Amino acid sequence: MPESPRERDVVLFGATGFTGGLVAEHLARQANAAGARPTRWAIAGRNRASLHAVRERLATIDLALAELPVLEADAGDRDSLRRLAASTRVVATTVGPFIRHGEGLVAACAEGGTDYVDLTGEPEFVDSMWVRHHEQAERSGARIVHSCGFDSIPHDLGTFFTVQRLPEGEPLTVEEFLRVGASFSGGTYHSLVEGLSRARATYAAATQRRRLESRPIGRRARAVRVPLRRNPAGEGWALTAPTIDVDTVLRSARALDRYGPDFSYGLSIVTRRAVSAAALVGGLGTLAALAQFAPARDALLRLKDPGDGPDEARRRRSWFTARFLGRVGAEPEPRVVCEVRGGDPGYDETAKMLAQSALCLAHDELPETRGMVTPAVAMGQALIDRLTAVGIVFEQLR
């Protein structure tokens, strides 16, 4: 990206939240680490006193951060968001649920030609933002990159990594099998309940985007959906996961010729026992049903505070492993097996993913893209290299 006269390279919006604080700490350690390109960065939010408290904590990591710029901006104040976007080359945000609090910042970045990354796993938000702001972002040159946390970096870049090891110009299938040992925060829980309560709006947003979005000519990308089965990538049982990650990967495949003329992708969650998979389906179904009714939804939301999250000891015990089986044509056996793995997926590793995505957009030589694009399309191998350097493993097993 060419040098910019803007005052800052990266601004983190939402630094006072649980996940935002972890992203800020990662930036404190990595943004200006030895050998790294110097980064002019700042934290932003609506409460100046809370931002100063975050800055004091960051100064215990690096004394120079006692002078870190603190910017006031409110998700409900469009003028403050425009000023924020105009001051920096990249904005990274953790402020959700995004369907309620996210559009103003997307609009400001699309208008101002400012690159943007977030943590959203909300399909309605992503599709609505494409419908409303993709064309403006294309005109301004802004790169709007959603889902730069555990949704959907390991899945999107893990598939990208696997495809690079398969032959070009052939029909390809990549199946991912995900194992997770971790808990989740109040913010993630609130986003899940909000999303489940908006099933009709989510469907409507997806339908509107499909009507407007062009598809590649002579190529296709489609989802693999298989019911409960024994895990072909190892022990346990595999259950198809209808998450935003599937949409993200398929959008990358439609945008990049390297995925071949006929690409298929499936994502399955792996459990130790079949009964655990059935319980997961039943639990989500019950949660979705209750979320449709306001009194029940309010009661569900009161069960966890949005600012809650697992403590450091719990996060140290957490992990994830995503295994990718890459096939060519109708071959029954995988041609390659790859893996992405790391520590606590929802917080420690997500903080790395978002922070490194912002730094990647700010500093690295990347393909020429604009508008709303996926992590693999916008950053690809450059982001894999960054994540590998901070401890997330991308490996070809065979």
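This one's a predicted model, so the numbers in the text were calculated from it and none came from an experiment.
Ion pairing between a basic and an acidic side chain is recognised when a charged N comes within 4.0 Å of a carboxylate O; Arg46 and Glu72 show no such pairing. Electrostatic pairing of Arg57 and Glu25 counts as a salt bridge here, judged by a charged N lying under 4.0 Å from a carboxylate O. The residues Asp127 and Arg251 are annotated as salt-bridged, a charged nitrogen and a carboxylate oxygen being separated by less than 4.0 angstrom. With respect to Asp62 and Arg29, no salt bridge is recorded, no charged nitrogen being found less than 4.0 Å from a carboxylate O. Salt-bridge formation is detected for the pair Arg198/Glu124: a Lys NZ or Arg NE/NH1/NH2 atom is positioned less than 4.0 Å from an Asp or Glu carboxylate oxygen. No salt bridge links Glu331 with Arg327; every basic N to acidic carboxylate O contact stays at or beyond 4.0 Å. With respect to Asp364 and Arg386, a salt bridge is recorded, a charged nitrogen being found less than 4.0 Å from a carboxylate O.
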For this session: For the pair Glu111 and His133, evaluate side chain to side chain donor-acceptor pair (under 3.5 Å) and give the outcome as yes or no after the intermediate values.
Result: CA-CA 8 Å; Glu111 179 183 339; His133 303 293; over 6 Å; no
Exercise. Please walk me through it: do Glu7 and Arg40 pass salt bridge (charged side-chain N to carboxylate O under 4.0 Å, His left out)?
Worked result: CA-CA 8 Å; Glu7 188 176 357; Arg40 304 161 300 163; over 6 Å; no
Exercise. Could you walk me through whether Tyr347 and Phe150 pass the ring pair (Phe, Tyr, Trp, His ring centres under 6.0 Å) check?
Worked result: CA-CA 8 Å; Tyr347 305 98; Phe150 190 62; over 10 Å; no
For this session: Under the salt bridge (charged side-chain N to carboxylate O under 4.0 Å, His left out) rule, what do Lys352 and Glu349 come out as? Steps first, then yes or no, please.
Result: CA-CA 5 Å; Lys352 293 177 185 177; Glu349 304 298 58; 2.9 Å; yes
Problem set entry | Test side chain to side chain contact (heavy atoms under 4.5 Å, CB included) applied to His26 and Gln356, step by step | CA-CA 9 Å; His26 184 79; Gln356 292 298 331; 3.0 Å; yes
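Asp156 and Ser252 share a donor-acceptor pair across their side chains, judged by distance under 3.5 Å alone. For the residue pair His363/Thr39, the side-chain donor-acceptor check at 3.5 Å is satisfied. A donor-acceptor contact closer than 3.5 angstrom is absent between the side chains of Tyr259 and Asp257. Residues Gln381 and Asp385 bring a donor and an acceptor atom of their side chains to less than 3.5 Å of each other. Under 3.5 Å, the side chains of Thr243 and Asp245 contain a donor-acceptor pair of N or O atoms. For the residue pair Gln208 and Arg211, no side-chain donor N or O sits within less than 3.5 Å of a side-chain acceptor on the partner. Between Ser50 and Thr16, the side chains place no donor N or O within less than 3.5 Å of an acceptor N or O (distance only, hydrogens not considered). Counted by atom type alone, Glu175 and Tyr265 present zero donor-acceptor pairs between their side chains at under 3.5 Å.
Between Leu81 and Gly104, the shortest heavy-atom distance links the atoms CD1-C, 3.5 Å. The shortest heavy-atom contact between Ala233 and Phe177 is CB-CD1, 3.6 Å. In terms of heavy atoms, Asp115 sits closest to Gly141 at OD1-O, 4.2 Å. Across every non-hydrogen atom of Val180 and Pro345, the tightest pair is CG1-CG, 3.9 Å. In plain terms, the two heavy atoms of Phe13 and Gly45 that are nearest each other are CE1-CA, 4.0 Å. Pairing each heavy atom of Val11 with each of Ser87, the nearest pair is CG2-OG, 4.4 Å.
For Arg219, the CZ atom counts as densely surrounded, since its 6.0 Å shell holds more than 12 non-hydrogen atoms of other residues, nucleotides or ligands. Within 6.0 Å of CG in Leu63 there are 12 or fewer heavy atoms belonging to other residues, nucleotides or ligands. Around atom CZ of Arg225, no more than 12 heavy atoms belonging to other residues, nucleotides or ligands sit under 6.0 Å away. In the displayed structure, Arg100 atom CZ is contacted under 6.0 Å by at most 12 heavy atoms of other residues, nucleotides or ligands. Within a 6.0 Å radius of CZ in Arg272, other residues, nucleotides and ligands contribute 12 heavy atoms or fewer. Around atom CD of Gln292, more than 12 heavy atoms belonging to other residues, nucleotides or ligands sit under 6.0 Å away.
Annotation: side chain of Glu213 is not in contact with side chain of Val131 (no heavy-atom distance under 4.5 Å). When side chains are defined from C-beta on, Arg323 counts as touching Leu397, because their heavy atoms get closer than 4.5 Å.
The distance from atom SG of Cys109 to atom CD of Gln136, rounded to the nearest 0.5 Å, is 11.5 Å. Distance check: His134 NE2 to Arg209 CZ gives 8.0 Å after rounding to the nearest 0.5 Å. Asp74 CG to His101 NE2: the interatomic distance, rounded to the nearest 0.5 Å, is 10.0 Å. For the atom pair Leu157 CG and Met353 CE, the distance stands at 9.0 Å (nearest 0.5 Å).
Hydrophobic clustering, with ILVMFWY side chains joined whenever heavy atoms are under 4.5 angstrom apart, groups Leu250 together with Leu178. Both Leu366 and Val90 belong to a common hydrophobic cluster when Ile, Leu, Val, Met, Phe, Trp and Tyr are linked at side-chain heavy-atom distances under 4.5 angstrom.
Ring to ring, Phe98 and His146 are not that close: their centroids are 6.0 angstrom or more apart.
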